[in-house]
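Nothing here was measured: the structure is a model prediction, and the numbers come from that model. Note that the numbering runs from 1 along the sequence shown for the chain. For ligands, and for the atoms within them, numbers begin at 1 and follow the listed sequence.
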Amino acid sequence: MKKAVILFSFLLCGAYVAHAQSPREQWKPESTEWYHPVPAKVTPGNGTSAPSDAIVLFDGKDLSKWESMDGSPAKWTVKDGAMIVAPGAGSIQTKQYFGDCQLHIEFKTPVPGKENTLQMKGNSGIMLQSRYEVQVLDCEDNPTYVNGYVGSIYKQSAPMVNPFTGTDKWQVYDIYWKGPRFGTDGKLEAPAMITVVLNGVVVQNNYVLKGNTPYTGLPKYTAHGRMPLSLQDHGVEVAFRNIWIRDL
Ligand code: MG
């Protein structure tokens with residue numbers, strides 16, 4: 001009996017102390033600080049060079065990191081430090097596969113011929129994981145549909161603004177991509193999300209994708225893992241340069 005009373009008193013005393021001093025009040029500043037793992041040192045790029053931990057996909061010299069969609073050598077043209085769509089040669093893709101990433105890519109649309117208007121005016125595309133297109137288009141005086149503008153997630157999300165600076169001028173994309181997550185049963189667990197910056201201006205802000213980006217029909221998700229990054233041949237000689245990617 002005596003033991004029980006002592007135990008009861010002990011518990012009561014503990015409860016009182018816990019009540020009087022909440023866990024928050026017991027915390028010290030260092031309770032919420034950690035030291036490992038230490039972030040790796042990265043040397044930033046300077047606008048034309050890539051950060052030290054980036055994978056350079058095109059350095060102005062050759063297409064060694066790229067191939068045609070059927071796995072044969074990429075047939076685009078390399079000229080004056082740029083790689084240029086060879087109309088009819090087909091889209092190209094990276095030999096390496098990617099998931100979440102930070103992508104830097106610059107493009108230039110050519111002076112259009114008479115027939116190159118609307119969606120034929122400087123059209124190409126940046127296909128994340130081979131199926132989610134960030135549109136490349138000459139949007140100088142182009143009255144095409146806005147969810148097909150430069151900076152759009154093709155046919156899903158129009159860009160918030162149009163910071164395209166003109167035909168035959170280099171445009172700079174910085175893209176932050178979080179790919180979709182699928183369960184082992186192939187069902188979608190989390191959709192893809194993207195932030196797109198064009199010429200330093202945010203045009204897509206954490207946009208949540210509804211699926212892939214087809215020309216005809218509605219977007220949908222089909223389970224996949226890491227996939228190549230691909231660039232579209234839409235029949236126009238769009239040039240690309242300074243392409244680098246960071247695996248996230
Ligand atoms: Mg396109």
Side-chain angles (χ1 to χ4, degrees), residues 57-58 66-69 74-77 82-94 98 101 103-113 115-175 177 179 192 194-199 201 203-204 207 209-220 227-243 245:
L57 294 173
F58 180 66
W66 300 83
E67 62 186 14
S68 294
M69 302 305 276
K75 296 172 192 74
W76 288 17
T77 310
M83 55 191 242
I84 304 164
V85 177
S91 300
I92 61 172
Q93 63 185 8
T94 54
F98 300 100
C101 65
L103 173 66
H104 177 96
I105 184 165
E106 302 176 17
F107 71 92
K108 186 169 72 167
T109 58
V111 176
E115 71 286 4
N116 294 131
T117 60
L118 304 171
Q119 284 290 311
M120 278 306 290
K121 193 179 181 190
N123 194 330
S124 182
I126 299 157
M127 318 291 289
L128 293 149
Q129 297 194 288
S130 302
R131 65 199 71 203
Y132 309 102
E133 181 178 6
V134 176
Q135 177 69 303
V136 168
L137 195 74
D138 184 331
C139 277
E140 184 171 82
D141 302 321
N142 190 340
T144 189
Y145 48 94
V146 296
N147 57 344
Y149 256 42
V150 68
S152 68
I153 306 307
Y154 186 67
K155 287 202 171 176
Q156 284 196 41
S157 178
M160 299 156 82
V161 291
N162 176 14
F164 186 80
T165 58
T167 303
D168 205 29
K169 293 193 171 107
W170 284 104
Q171 315 293 314
V172 181
Y173 261 140
D174 284 287
I175 296 170
W177 174 250
I194 193 167
T195 292
V196 179
V197 179
L198 176 57
N199 296 328
V201 178
V203 292
Q204 302 285 345
Y207 175 71
L209 278 81
K210 298 179 175 76
N212 64 345
T213 52
Y215 176 44
T216 306
L218 298 175
K220 65 170 188 285
M227 293 295 291
L229 169 75
S230 62
L231 298 177
Q232 190 182 47
D233 170 11
H234 200 281
V236 188
E237 291 175 329
V238 175
F240 293 92
R241 72 176 184 189
N242 197 13
I243 310 172
I245 194 166

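Taking each heavy atom of G235 and M120 in turn, the nearest pair found is O-CE, 4.4 Å.
In this structure, the side chain to side chain contact (heavy atoms under 4.5 Å, CB included) partners of A192, at least two apart in sequence or on a different chain, are W177, P180, L209, Y221. In this structure R241 satisfies the salt bridge (Lys or Arg N to Asp or Glu O under 4.0 Å) test together with E106, sequence neighbours excluded. Not counting sequence neighbours, the partners of D168 by the salt bridge (Lys or Arg N to Asp or Glu O under 4.0 Å) test are K108.
Y154 and Y145 have tilted rings, their planes meeting at an angle from 30° to 60° on a 0 to 90° scale.
Protein contacts to the Mg ion (ligand 1) involving N, O or S atoms at a distance below 2.8 Å are N123 OD1, S124 O, E133 OE2, Q135 OE1, Q232 OE1.
Here Y173 and F107 bring their ring centres to under 6.0 angstrom of each other.
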